[in-house]
Structure formats: C-alpha cells, structure tokens
Amino acid sequence: MQKTKRSYFSATRVAVIAMFATLAGLLYVFGFPIAAAFPFWLELNFSDIPALIGTFALGPISGAIIVLVKILIKLIIKGTSTVFVGELADLLIGVAFVVPSGLIYKKMRTFKGALLAMAVGTLCSTAMSILANWLVLVPFYRQLFFNGSWAPLVNTMQALFGEKCTQATFYNFYLWCSVLPFNLMRCIIAVVVTLPVYKHISRLINRLNDKLTPPRPDGEEESAKKPDKRTLITIIVVAVVCVLLVAGVLLRYFLTKG
C-alpha cells in the first residue's frame with residue numbers, strides 16, 4: 001500500500017484551530033468570580049473546554065496554539081489589568097493542561113487513554129497554577145496594586161476563612177484552600193464536557209480534512225522538495241494573522257495606558 005503524506009498545517013486544520021481558538025477566546029472573556037467560595041480575582045471561565053477538545057481532535061501542538069490565540073483574542077477584546085503577567089500565567093496553566101493531555105492521548109487513543117491523559121493534564125495544570133500564584137502572581141499583585149502591603153489580600157481571605165488566615169498563614173489558605181480546589185474544579189468541568197463529545201468532533205474533522213485536503217503520494221519528488229502553493233499560502237496567512245493579533249494587543253494596551 002502506498003503511503004500518503006499531508007502538510008500538518010493544512011487549510012482545514014488552520015480553519016478548525018481558528019474556530020476552537022475563537023470560541024475559547026470568547027469564553028475566556030466572560031469569566032466570572034465565585035465570591036462565596038473563592039477570592040474575587042479567581043475567575044472561572046469555560047475556555048478550557050474548546051481548547052481540550054481541539055487538542056484531542058488535532059494534537060498537542062494545535063492545542064497549545066489554541067491556548068495562545070485565545071489569550072490574544074481576550075487581550076484585544078478586554079485588555080489587561082496585570083501588565084500581561086496574569087495572561088502569561090494563564091498561558092502557562094493552559095498549556096500545562098492541554099499539551100500533556102494531547103501527548104498522552106496521541107499515544108493511547110482509547111477511552112482509558114483519554115482518562116489518563118486528562119488526569120495527567122489536570123495534575124500538571126493545577127501544579128502550574130500553584131507555582132504561578134506562589135512565585136509570580138501574588139508578589140506581583142502586592143507590589144503593583146497594594147504597594148507591597150499584605151492587608152488587602154489577607155482581608156479578602158479572612159472574609160472566606162476567618163481570622164486564622166494571617167500574613168504568616170496566607171499561602172497555606174490561599175494555595176491549598178483556594179487555588180488548588182479552584183483549578184481542580186476548572187479542569188474537571190472541561191473533562192466532564194470533553195469526554196462525551198471529543199470522538200464525534202474528531203471524526204467530523206477527519207472527514208472534513210479528507211474531503212478538502214486529499215493526500216498526495218510520497219513518490220512526488222517535487223512535493224517532497226518544497227511545500228506546495230496551498231501550504232505556503234496557509235503559512236503566510238497564519239503568520240499575518242498572528243502578527244495582527246499581537247499588534248492589536250499592543251495597540252490596545254498603549255492606547256488604554258495613555
């Protein structure tokens with residue numbers, strides 16, 4: 001049987017990545033706090049769902065791109081209140097969720113493989129969220145918004161956990177009673193929604209890709225030496241879109257800052 005080869009970034013794949021990233025970006029914009037259980041700055045959104053489904057359907061590289069583009073979309077629509085530090089942390093947390101999940105599922109394309117993939121992704125993402133909050137976000141917020149004072153952060157946590165939460169015990173309460181359960185909940189919601197639907201979406205994408213991008217024989221020397229016209233156009237379009245997104249983010253930031 002003659003082997004076939006196709007470009008990884010086919011027009012179909014790029015279009016589907018864009019679809020998942022746009023949906024994830026819109027869901028990311030509409031985050032909301034759960035004030036009765038968590039500090040107000042921990043906002044729940046459902047953008048992990050399309051990112052995880054897209055990862056299972058298209059692979060870990062595509063999943064990482066979806067996470068990156070969703071953050072750029074959010075920055076264009078809503079801007080940043082953290083000088084991009086919060087968005088950088090969300091990028092790391094999101095990539096830590098989808099890439100391990102995608103890598104494991106790529107090797108074990110079964111229901112048990114999907115469960116293992118999402119369990120590992122959940123653990124990696126939760127661990128990354130704890131490290132990001134401990135080492136980056138809390139110190140940054142204290143300096144930027146509160147001139148290094150612990151009082152506003154401690155007061156918010158005391159409203160949830162009582163006076164046992166002090167400056168000395170802040171991280172004990174914040175990391176293990178807020179960040180840990182919040183991010184576990186975030187990942188579990190994505191897992192529960194993804195499990196019933198990812199197979200159907202993956203089959204649909206594969207059928208669409210087969211229809212729009214027919215495979216080429218390996219024996220075509222010219223194709224092996226250089227990418228075809230469609231691939232070049234796709235790469236150029238993706239590069240232009242990424243540049244425009246980044247330019248839009250920077251323009252919005254500096255206009256708002258001014």
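Numbers for residues simply follow the sequence, beginning at 1. What you see is a predicted model, and the numbers here were worked out from it, not measured in a lab.
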Identify the heavy atoms of [X] and [Y] that sit nearest to each other, and give their distance.
X	Y	answer
K70	Y28	O-CD2, 3.8 Å
Y171	P139	OH-CD, 3.9 Å
A21	I73	O-CD1, 3.6 Å

### Message
I'd like to know whether S125 forms a side chain to side chain donor-acceptor pair (under 3.5 Å) with R186, so could you lay out the CA-CA distance, the side-chain angles of the two residues, the decisive distance to 0.1 Å, and finally the verdict.
### Response
CA-CA 10 Å; S125 183; R186 174 184 61 81; 2.6 Å; yes
### Task
State, with a plain yes or no, whether a side-chain heavy atom of F20 is found less than 4.5 Å away from one of V69.
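No. Closest side-chain heavy atoms not under 4.5 Å.
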### Message
Between F161 and S178, is there a side-chain heavy-atom distance shorter than 4.5 Å?
### Response
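Result yes, sub-4.5 Å side-chain heavy-atom pair found.
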same_hphob_cluster([X], [Y]) at 4.5 Å side-chain heavy-atom cutoff:
X	Y	result
L184	F173	yes
I93	I49	no
I77	F30	yes
L92	V99	no
V120	V191	no

### Task
May I ask you to decide if the ring planes of F32 and F46 are parallel, tilted or perpendicular, using 30° and 60° as cut-offs?
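Rings of F32 and F46: tilted, as their planes differ by 30° to 60°.
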### Task
Name the orientation class of the two ring planes belonging to Y174 and W41 (parallel below 30°, tilted from 30 to 60°, perpendicular beyond 60°).
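Rings of Y174 and W41: tilted, as their planes differ by 30° to 60°.
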Rounded distance (nearest 0.5 Å) linking atom [atom1] of [X] with atom [atom2] of [Y]:
X	Y	atom1	atom2	result
L58	I66	CG	CD1	6.0 Å
L103	T55	CG	OG1	10.0 Å
I76	I71	CD1	CD1	12.5 Å

### Query
Yes or no on side-chain contact (heavy atoms from CB on, under 4.5 Å) for F84 and L88, after CA distance, side-chain angles and deciding distance?
CA-CA 6 Å; F84 305 111; L88 176 60; 5.8 Å; no
### Task
Return yes if some donor-acceptor pair links the side-chain N/O of T169 with the main-chain N/O of N172 below 3.5 Å, else return no.
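Pair absent, no side-chain N/O of T169 close to backbone of N172.
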